[in-house]
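First the structure, in the form of structure tokens, and then the observations on it.
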Amino acid sequence: MSSIKITLPDGSVKEFLKGIKGIEIAQSISEGLARNALSIEVNGEIWDLSRPINQDSSIKIFTWNDKGGKYAFWHSSAHLFAEALEAVYPGVKFGIGPPIENGFYYDVDLGDIPFGDEELLAVEKKMVELAKQNNAFVRSDVSKKEAIEYFTSKGDPYKLELIEGLQDGSITFYKQGNFVDLCRGPHIPTTAPIKAIKLLSVAGAYWRGDEKNKMLKRIYGITFPKQKELEEYLFLLEEAKKRDHRKLGKELELFAFSEKVGMGLPLWLPKGTILRERLEQFMRRAQVKAGYEPVVTPHIGSKQLYVTSGHYEKYGKDSFQPIKTPDENEEFFLKPMNCPHHCEIYKTKPRSYKDLPIRYAEFGTVYRYEQSGELHGLTRVRGFTQDDAHIFCTPDQVKGEFVKVIDLVFFVFKSLGFENYTAQVSLRDPANKIKYIGEDALWERAEREIQEAADERGLKTVAVKGEAAFYGPKLDFMVKDALGRSWQLGTIQVDYQLPQRFELEYVGADNQKHCPVMIHRAPFGSLERFVAVLIEHCAGNFPLWLAPEQFSVLPISEKFNDYAQKVVDTLKESDIRGFLDDRDEKIGRKIRDSEMKKVPFMLVVGEKEVSEGKVSVRKHGEGDKGTMDLNEFVATFSKEFSLPSS
Ligand SMILES: [Zn+2]
Ligand SMILES: [Zn+2]
């Protein structure tokens, strides 16, 4: 038998007999790897470990720690679920059952059978029982005719419909235990590693996503190799529910939505507005320090503006409809982005290389059409405000500007308690350079310099080829929140196109006209989305400088209300925000309510405090901090009360 060359992820090459299986390669590396292996990537495709490899290949063996391992694990769990469901409900019909980011789902047709929590539990129990049987997932090639015969005799119209769309010769079945599924794979070797199982919920889903089709039940589940991992996941799921920004936004009276105003159009309540204004103040101050100039532009722009920018051609028909003036028949659009307006500001006078870089910053409110079904709290809205800025510079200045923006983004993350972040450098697809606008040499230089800027600042990055926009490379920040979830926050993007479309110019040192490079950047991204992420990250316990109410004064009885009012007034004079709780309630109740509202400081006043001219300080989540006079209180926490400075 002939031999083949297998290239391992570290670049080393091993020779094996043709037909070697992934599991055997794993064994040749180490027993431990073979024990934990779940699937194998062969030349970019994920395969079963038991599938013979017949030609020279690059491989990577996946365990639970790899996406490819989880993918096969959860895909196999979907099959196990289907086997269990069929065991409990013979005759059930199956749609599709893919792995998803966390776990899997299966679309099923249960006819009129009611299916709720109790039923989920029963099927879950069956899954545990079947998993223990250690059944192998066995792949087999079948002809289209055989496949049709099998599912006709089984009476599964959905699978038959799927087979219709497949080519003869490309069809595979997978079998484990008594269950056979039409499936391309890949799967883990056996059911045994699926040790911890939870069926999470039932939703409705139209067959093939088409509302003309029958509504099936979509059953979600998740599985893990260890019980402890399942418990941790369920804990995080619960915690995420508690921190859901839509729930906390309501409880803390930060924002609201009104159907009458319109879907996806947030209303900022007074407390939310304080939060938002504090964020704006914070950013404004940091930007002034970094050399930005604030500008203000209107919420609409003429159609011609967006024809010039290319947005009309690209988004026109999917976007909002034009607004027409009654007599002149002029056409305007709600502004989907601020860049075209800023280009026109750049053009208000001739520019020399000595003027550059020019940095225009605006809290620009933009409107974008989102389907109503896609709207979600503050994270997907139809109107939002970007902490936008556009830097116009020479090609020589791109790197320096990137370094500066990275510093600004770091300052934002640090001030708001995001400690865990990385970035993605999005590059051109080198095999498809024709897709991109801008000179080759400029691209190569910018791509190299973005990477250098990130490296200089110690920012961990992954470079992804083919992810750049057609008009320039970019750097996107990925932030992990307190629950370990990743969010894309903050972006810096080079643009060679808009300056050309708007015919922007500057006179260079050579006395010739040149086109500037434009950099779009927004550290928060959208204020709405940023606030949503922040709420969930800190569970509504904002840093002191940001909290809409920084203190409450809680008199022990009505007798002390006057003194309490004086405390409120004195602190307000020092620009510290708070309120008096003078309700006729017991002090324990007042403290509980302030804790619920996540007010950072509770200042309790009674007989002793009044006679000494002091307050008893309690900190949210920390408890008693002792009695102090107001000067001492302000002095102790003054740094935390004021805007962070770089
Ligand atoms: Zn499958
Ligand atoms: Zn822009």
Side-chain angles (χ1 to χ4, degrees), residues 39 46-48 71-83 85-86 94-100 103-108 137-140 142 147 151 156 158-159 162-163 166 171-176 179-188 191 194 221 292 295 297 301 305-306 308-311 314-315 335-346 358-366 368 384-393 401 405 469 471-472 474-476 490-499 501-502 504 516-526:
S39 62
I46 308 178
W47 282 21
D48 302 335
Y71 178 88
F73 192 89
W74 285 331
H75 186 177
S76 303
S77 302
H79 282 227
L80 180 68
F81 161 76
E83 184 186 4
L85 189 73
E86 194 170 63
F94 293 99
I96 54 161
I100 52 177
F104 62 89
Y105 69 76
Y106 218 123
D107 287 346
V108 301
F137 286 92
V138 182
R139 178 188 167 94
S140 59
V142 288
F151 283 103
D156 200 327
Y158 305 104
K159 294 290 178 191
L162 292 174
I163 294 167
L166 297 176
I171 300 171
T172 48
F173 278 3
Y174 274 84
K175 181 170 194 275
Q176 96 274 8
F179 180 75
V180 175
D181 207 345
L182 169 72
C183 179
R184 216 174 282 150
H187 286 284
I188 60 176
T191 56
I194 308 174
Y292 290 80
V295 293
T297 63
L305 183 70
Y306 299 113
T308 303
S309 72
H311 292 123
K314 201 146 183 238
Y315 304 108
K335 137 167 116 173
M337 47 242 311
N338 307 296
C339 353
H341 289 76
H342 291 186
C343 286
E344 285 300 301
I345 294 182
Y346 179 92
I358 289 173
R359 310 181 188 92
Y360 292 140
E362 176 175 19
F363 289 91
T365 303
V366 295
R368 291 181 194 170
F384 57 92
T385 302
Q386 296 175 306
D387 61 329
D388 209 358
H390 296 99
I391 301 167
F392 301 89
C393 63
E401 290 306 303
V405 180
Y471 51 81
K474 61 177 176 168
L475 183 69
D476 288 320
T491 175
I492 322 177
Q493 168 126 38
V494 176
D495 189 340
Y496 299 115
Q497 193 213 23
L498 270 197
R501 281 183 163 261
F502 277 88
L504 305 185
V517 182
M518 189 170 176
I519 299 172
H520 312 252
R521 47 105 282 186
F524 292 150
S526 111

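This chain uses plain numbering: 1 for the first residue, then up along the sequence. Each ligand, and each atom within it, is numbered from 1 in the order the structure gives.
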Polar side chain donor-acceptor pair, Y158 to D107, under 3.5 angstrom: no
Angle at the Zn ion (ligand 1) (to 10°), with one arm to NE2 of H79 and the other to SG of C183: 100°
Option passing side chain to side chain contact (heavy atoms under 4.5 Å, CB included) with R521 (candidates D388, I391, T491): I391
Contact flag H342/the Zn ion (ligand 2), N/O/S atoms, threshold under 2.8 Å: no
Residue pair V405 / L475, side-chain heavy-atom distance below 4.5 Å: no
The Zn ion (ligand 1) reached by H75 (N, O or S, under 2.8 Å): yes
F81/F94 aromatic ring centres below 6.0 Å: no
Apex the Zn ion (ligand 2) - arms ND1 from H520 and SG from C339 - angle rounded to 10°: 100°
Rounded distance [0.5 Å steps], CZ in R184 versus OH in Y174: 11.0 Å
N, O or S atom within H390 nearest to the Zn ion (ligand 2), by name: NE2
